[in-house]
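If you read the sequence from its start, that first residue is 1, and numbering goes on from there. First listed ligand is number 1; within each ligand, the first listed atom is number 1.
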Amino acid sequence: MSPRIIVTRRWPGAVEKVLSEQFGAVLNSSDRPMTQTEILAAFEDYDIVLPTVSDQLPAAIFPERPRARMIGNFGVGFSHIDVEAAGRHGIVVTNTPGVLTDCTADLAMALMLMIARRTGEGERQVRAGQWAGWCPTHMIGSRVSGKTLGIVGMGRIGRATARRARYGFGMNIVFHNRSRLDDEELHALEARQLDTVDDVLANADFVSLHCPGGADNRHLIDAGRIATMRPESFLINTARGDVVDEEALIDALECGRIAGAGLDVFANEPVVSERLKMRENVVLLPHLGSATEETRRAMGMKVVENLAAFLDGRQPPDRVA
Ligand code: DGY
């Protein structure tokens, strides 16, 4: 009997075609997010569940005796999945690393430029018909070139952001990473590894977060740490909303403790705090890091590779649990 496979959301058309024609997967053509009850039922009724990063899969989502044997996550981050609970139920979990590195790093740079050069504010002003013409003191921002970028989490995306910042904008790179890193690329980038996150925050004009979300990094950037940032600095988050204590960040933005923030991810997505929306010194994007035609297709095809390996009895290349 062929395995029963379910996809929780709409995926790129080319990927859905493969999933449905070659694997007989059940697609979600309405793209309505599945409820927790529906997802739990999917674990009872299907052999393979293909969720996305917006589906919450806590321990309670797994029934006592799930039929499901694999979760093929569409996304590199998997902090929305209780992987230990999945493991206890004998469910293999895979993700999609590598293919979204460049696009996410591009977006981190875009946020840096947008917030420092006030492009969101500028665009709003033009559209509102409130631009009164060029003058030497109009909407003055901060220079990006030559400044210091502090990276928290020097994995694939952290490094790709560092390359863009160093080679494209002549920025100085400092970073924190849990393990010690020492290799040719970092030497070429003249990137300095600092001992603590606090050291990075105190030394950077821009802080860009590239560490995973989840319990280990929850509120890594809290009120105490934000207080160590320079008043003229900016915080960029393309990682996960829970890495930052959002209320503490908003307090800091409101009282001018830091200059601004560029955020692609939020604590309670898709709900964005009204206090954030009211501020001019923030750029707010709807979790667009990997949102390009090429990358989203590649992410889907990675899931297909993992699925094919699993069904063939091989080790899926991107197994995380
Ligand atoms: C991921 O893959 O984890 C991103 O947040 C969405 O592309």
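- Which parts of ligand 1 touch V53 is read off a 4.0 Å heavy-atom cut-off, strictly below it: atoms 1 (C), 3 (O).
- Looking at atom 2 (O) of ligand 1, its nearest protein heavy atom turns out to be V76 N, 2.7 Å.
- The shortest N/O to N/O separation between R296 and ligand 1 does not fall below 3.5 Å.
- Close approach to G77 involves these atoms of ligand 1, each under 4.0 Å from a residue heavy atom: 1 (C), 2 (O), 3 (O).
- Environment of CZ in R275: crowded, with over 12 heavy atoms of neighbouring residues, nucleotides or ligands closer than 6.0 Å.
- Considering only non-hydrogen protein atoms, atom 4 (C) of ligand 1 sits nearest to H287 NE2, 3.7 Å.
- More than 12 non-hydrogen atoms from other residues, nucleotides or ligands lie less than 6.0 angstrom from CZ of R180.
- In terms of polar-atom proximity, M299 is not counted as a contact of ligand 1, lacking any N or O under 3.5 Å from an N or O of the ligand.
- The nearest protein atom to atom 7 (O) of ligand 1, hydrogens excluded, is given as S290 OG, 2.5 Å; this is a heavy-atom distance.
- Contacts with ligand 1 closer than 4.0 Å are made by side-chain heavy atoms of L100 only, the backbone lying farther away.
- Below 30°, between 30° and 60°, or above 60°: for F234 and F206 the angle between ring planes is below 30°, a parallel geometry.
- D198 and H176 share no side-chain donor-acceptor pair at under 3.5 Å.
- Counting heavy atoms from C-beta outward, L307 and F23 have side chains that approach closer than 4.5 Å.
- There is no side-chain donor-acceptor pair under 3.5 Å between N306 and R314.
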